[in-house]
S.K.: 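Structure in structure tokens, see below.
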Amino acid sequence: MHDIELTVNGDEYQLEVEPRKLLVHALKEDIGLKGPNIGCESSLCGACTVHMDGDAAKSCTVLAVQADDTEIKTVEGLTENGQLHPLQESFREEHGLQCGYCTPGMLMTANELLERNSDPDQAEIREGLEGNLCRCTGYQNIVNAVESAAEKMSVATDGGRTNHDE
Amino acid sequence: MTSERAQKDEEHVFGSAIDRQEDPRLLTGRGTYIDDIQKPRMVHMAILRSPHAHAQINNIDTNAAEAMEGVLAAYTWDDLEAAGVPGNIPSIYNVPDQQDADHPVLAREKVRYQGKPVAVVIAEDRYIAHDARELIDIDYQPLEAVVDPIEATKTDAPTLHENVEDNVAFTWEVGDSDAVDEAFADADRTVGFESVNQRLVPNAMEPRGAVAEFDAVTEELTVHMGSQNPFDHEEIMSKVLGHPKGRIRIVVPDVGGAFGSKSMYYPGETLTAFCAKQLDRPVKWVETRSGAFKSDEQGRGQVIEGELAVDEDGTIRGLQVKTTAGIGGDLSSKGVVAPTTTFAPLLSQQYEIPAIHFQSRGMFTNAVPTAPYRGVGMAESAFTVERLMALAARELDMDPAEFRQKNFIPSEAFPYETAVGSFYDSGDYEAGLDKALDLVDYEELRERQTALREEGRYLGIGIGCFVVAGGFAPSAASEMLGLTDPDAAVRKSFWESSTIRVHETGEVTAYCGTASHGQGSETTHAQVIADTLGVSVEDVEIIEGKDTKNAPYGTGTVGDRGASMGGGALAKSAEKVIDKARRIAANQLEVAEEDVEFEDGEFFIRGAPGKSVTLQEAADQSYLATNIPEDMEPGLEATSYYDPANMTWASGSYVAIVEVDTQIGKIDIKRFVAIDDCGKQINPKIVEGQVHGGVVQGIGQALYEEAIYDKDGSLLTESLQDYPVPKAAQVPRIDVDSTVTPSPHNPIGAKGIGHSGAVGPQPAIVNAVTDALQPFGIEHLEMPLTVDTVLQALHDAEEGL
Amino acid sequence: MYPAPFEYYRADSVREVLELLEDHADEETELLAGGHALLPRMKMRQDSPDVLIDINELDDIIGIGHDGGETIFGALTRYVDIVDSDRVWEDCTPIAEATATIGDVQVRNMGTIGGNIAHSNPASDPPAAVLASNAQIVCQGLDGEREINADDFFVDAYSTALKEHELLTRIHVPNLEKNDAGAYVKHPIPSTGSALIGVATILHTDGEAIESARVAVNGAMDHTIRLEPVEEALTDEPLEANTAVSAADHVTNNLEVGMLQDDIHASNGSRAKLLEEYAERALAIAVDRALDSSKAMT
């Protein structure tokens, strides 16, 4: 067994894990999070996507021991003070989810996508979501939701910049 | 109307695209799926599946596995038998000419498909359960396997079930063969083709699983599982497990997609329940994706021959279809329907076809059982007919759109009885196709196609028109499927139930027997109620039939019935609630009941709108019961059972425009237009979402997906690495629009929309690609249209020239 | 979904890795870099090593260096850092282009270039780019360092010239010079996005004629290979679109269709057809780029 320390959604945890334990199992079983979901075992579906030190990663393809001393953010950490993140809002408005199983991973990948490219076009969004499978929505409303969230976030950022200039 | 009032209408009105009630929890990681359920003292089960497709089991040795630290037990068929478990999965829907065959939850002496559960092991930790699983030693004697259903019919084919002659699980036919023979003899021309409607793996994103708890004192067995029809699961589990039905409770948490695959009865959930009983510990089982590939019952898998007789002027005279289905090694609990009762009733599709005959046989094969998957039977039916329509148009040198228009059932002909005995309730097929053709500017497209061919570019236009049946009905039809037999697996009909309770606050709790898993019924059901009762959607809580001891009985969410049947049942209860509240209001207003009108949540005296009683006030009074009519019981609640006279018959008109890069065999869908008619739409945004998702599953079948087995019955596409579930960048934007012909017999005028998207794209796309490749003389291509399919066809065409 | 148990070590230095490898010489040992090839196999128990050595913290071999005429990739450089480097796109175009098409963003965030090369998956993208780029692969053993030319490195499916107990540490890639150009194009496998066929090329030109060329392919054979007849057909030919077309005709000169990969993703016949087509497309892009760059220079 190995002792690890990690920060998850701002809270620090000390866990004792078997080296073979996958990060997603540690998050679900040891920490009790419900957001990251397991949809495949071949690292293709992306339902378990979390941010590890700021980068989107499939938590089923990372050992918990590898997450020692890292900062993890899951979909639970997207919401701040009970306020939905613009992506979460847009997914709701655009009907970007049906069964909801892929949604936590989809949101976390989309979040990184928007951090890297604040104004992606539809093709870029589709490419950017290559690592996340959805069997319900046909992706169209997910793409619309990401596009709409990008607009909301750029308005928020521009607003901030204007204030700063003043 | 004040703006506040307008706002309120916007929020609740039937037909508005409001946000879903389900979403806040699902968007924030607060949804609860099977793997999120944790119980004190919970242990984990892993299933060992057969690596062989056909083998005799000589011996199973579980000693080493059981000796492992952390392992509680390992069980095989012998343990089930010793515990007195009947253990055989029955067939729910049946046709008269059908063989009984073994379908044990754990292999008994023999395995008949790769993936068949052979043993289970239970451990303190899921990792240990999987370690121990590897230590179970099984002595298999492999037998010759047969995977192809046509091969399975041959006299020298291996026998799968000793008591089933020639591997034939069932045969079925419908229609008038004499009339068809006559039509074919008389008609000017006939066209025909044979094609494989390939096997598909459902791949709901959440794999199946269960958490079972047993109380050894009360003998209550609670099974949490993903289910589309928990009451069916409860009833069958009672029989398979030999446990009293009154002591089984099925609880359904959030479900991560199903598409039919969570409506069948499977071994895994039963075994989880068995282990919980044996060990007196909560047991969790969550299947891995690779396990799901070999255990979630698969879709399609039929070899279909179709022939169409037409006259020179484009009049259709007759249709003949024969299918041979490879139903797998065990007959699924719902294995009969796809090649029979969901296939044939749609064969007339949107056309007047005077004579139709259909023959079907289900063959046992050494593959995973097949069962309903989104589009069940209807996708096969539409593909067959719509491909024949394209082939006939080509044969007659007619434009394929014009050929269809000539043969459409006219809108004034409804209700329309087809040559296979279906009664279409309503439709306007011409309007649907016209709308689709207008959207793509069909005439201009044909010109562009001709121009591009000059440049060596191959554009193709394909049409897929179809009809789908939703909400199985009437109850009398249950007899036909053997559901009313004394020894039926589930003795039932297909009506739906609902209860609506208006609280003294005016808030509403509504119970409905559906069991949605992504369809958004918590929202659409609430809209139906909000609209009828004049309350806000936020004030309506929906409790579906997802807890068999704490929810009303229901048939569940299968077969396009959630909105039409659930909505229908709720609308009936809402009317009953209004009737009772009206009497209370009349009493309070001191007028006759007939003089009280109800609108937007308020009762008022006809002609004197100043004086009114709100629904909330009536509800309040119903509980106080101090000022209600003398003969009235307190409370404001009503229950209804909705048993419709007919199914709903939705339709769609899809058009695909593709360009084929003949150098690399690549198909680019330039545009995809889906015009659907699902009657009145409760929430257009949700309807659109259903179409998007269905269309992408249809595109998946057309272009990418196939469960490929080798000759020995090994599944070669055993993970997402080999089986392409479409990704965002692999599918086009879909232009969705609709026509509306309300169902005349449904209380809310709604028809189903779940299947449609997964039915129309396959013929539209194959028709488009064969249209594009017409200059090469390519008439037909088998799905999926992979790089191999396209390049090989082009190569063969070149050789032929 | 549940790897078998293993002993886990996290190494802090290359030396420690090599010592651990030697200490566990009798056991099945795997190195854990990005883990996106290894962990999926371990989850499905297709691989169950006794010992796993986590090399993610070997800071010495992480990052991209530039030295004279070459770019030096530390073996543990993540794909994302390669794709994000404008300089790599300019100096080592096929490497950047191939790396950008690997997997998906999550995979590119975790996966490493050295892990990829050492794995030698026939359907992976970087090997052809590395081979076409005439890279030198540096590996370290307990008895010292050695360089292996890319031509000698890729041996077989999942097999390279790396010896047991050697660690791949760096990849040295010669930079494109003035008038040179490179490209990588591929036909993806629909399920994984890996290369059904991927063609990488580098053209060395004087702005008017091709002086020499290297063309390598993924997905066609059990490991990445060069297409020498195509390279020869390009040499000393004018830098123009027609050259690409006619050179691509030589793709299967010394490749029998029967030697090509034949699996559920595509038959060898389809691969032969795709190989010819994608070789032509890769060369056409490279010719265009070379013409553009020589125009830009003048």
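All chains are named by letter (A, B, ...) in the order of the sequence lines, taking the proteins before the strands, and each is independently numbered beginning at 1.
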S.K.: So B:Ile664 and C:Arg281, do their side chains get closer than 4.5 Å, heavy atoms only?
M.R.: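 Heavy-atom side-chain distance check passes, below 4.5 Å.
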S.K.: So which residue, C:Ala4, C:Ser194, C:Pro40, C:Ala266, ends up with the most heavy-atom pairs under 4.5 Å with chain B?
M.R.: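 It is C:Ala266.
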S.K.: With respect to chain B, which residue among C:Ser48, C:Gly269, C:Ser270 yields the maximal number of heavy-atom pairs within a distance under 4.5 Å?
M.R.: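 With the most close heavy-atom pairs to chain B, the winner is C:Ser270.
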S.K.: Distance check, rounded to the nearest 0.5 Å: B:Ser719 atom OG versus C:Gln46 atom CD?
M.R.: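 With rounding to 0.5 Å, OG (B:Ser719) is 8.0 Å from CD (C:Gln46).
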S.K.: Side-chain contact test, heavy atoms from C-beta onward, threshold under 4.5 Å: evaluate it for B:Gln721 versus C:Met44 and give yes or no.
M.R.: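 Touching, per the 4.5 Å side-chain cut-off.
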S.K.: Evaluate whether atom CD of B:Glu455 has more than 12 neighbouring non-hydrogen atoms of other residues, nucleotides or ligands under 6.0 angstrom away.
M.R.: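 Yes, CD of B:Glu455 has more than 12 neighbouring heavy atoms, counting only those of other groups under 6.0 Å.
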S.K.: Output the option from B:Thr288, B:Thr717, B:Asp131 having the highest count of non-hydrogen pairs under 4.5 Å with chain C.
M.R.: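 Option with the greatest count: B:Asp131.
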S.K.: Got a second to check how far B:Glu718's CD is from C:Ile264's CD1, nearest 0.5 Å?
M.R.: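 It is 9.0 Å, given to the nearest 0.5 Å.
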S.K.: First locate atom CE of C:Met1, then atom CZ of B:Arg126, and finally report the distance between them rounded to the nearest 0.5 Å.
M.R.: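 It is 8.5 Å, given to the nearest 0.5 Å.
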S.K.: Please report the interatomic distance CG(C:Asp263) to CG(B:Leu716), rounded to the nearest 0.5 Å.
M.R.: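 Answer rounded to 0.5 Å: 10.0 Å.
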S.K.: With heavy-atom distances below 4.5 Å as the criterion, would you say the side chains of B:His795 and C:Lys273 are in contact?
M.R.: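 In short, these two side chains do not touch, never coming nearer than 4.5 Å.
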S.K.: Are the side chains of B:Tyr127 and C:Pro5 in contact, using a 4.5 Å heavy-atom criterion?
M.R.: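 The answer is no; the side chains never approach within 4.5 Å.
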S.K.: Apply side chain to side chain donor-acceptor pair (under 3.5 Å) to the pair C:Ser191 and B:Asp722, showing each step before the final yes or no.
M.R.: CA-CA 6 Å; C:Ser191 52; B:Asp722 303 311; 5.4 Å; no
S.K.: Tell me, side chain or backbone of B:Asp710 under 4.5 Å from chain C's heavy atoms, or both, or neither?
M.R.: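 Nothing of B:Asp710, per the 4.5 Å heavy-atom cut-off to chain C.
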S.K.: Could you go through the side-chain contact (heavy atoms from CB on, under 4.5 Å) check for C:Leu274 and B:Leu791 one step at a time?
M.R.: CA-CA 9 Å; C:Leu274 292 175; B:Leu791 288 181; 4.3 Å; yes
S.K.: Please state whether the side chain, the backbone, both or neither of C:Arg45 comes within less than 4.5 Å of a heavy atom of chain B.
M.R.: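 The answer is the side chain of C:Arg45.
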S.K.: Between C:Ile197 and chain B, which part of the residue has a heavy atom less than 4.5 Å away: side chain, backbone, both or neither?
M.R.: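 Neither part.
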S.K.: Could you grab the distance from atom OH of C:Tyr2 to atom CD of B:Glu134, nearest 0.5 Å is fine?
M.R.: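 Atom-to-atom, C:Tyr2:OH and B:Glu134:CD are 13.5 Å apart.
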S.K.: Checking B:Gln730 against chain C: side chain, backbone, both or neither under 4.5 Å from a heavy atom?
M.R.: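 The side chain, not the backbone.
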S.K.: Taking side chain as everything from C-beta outward and backbone as N, CA, C, O, which of these in C:Pro188 sits under 4.5 Å from a heavy atom of chain B? Side chain, backbone, both or neither.
M.R.: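 Neither the backbone nor the side chain of C:Pro188 comes within 4.5 Å of chain B.
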S.K.: Considering only heavy atoms, which portion of B:Tyr704 lies under 4.5 Å from any heavy atom of chain C: side chain, backbone, both, or neither?
M.R.: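 Side chain of B:Tyr704 only, per the 4.5 Å heavy-atom cut-off to chain C.
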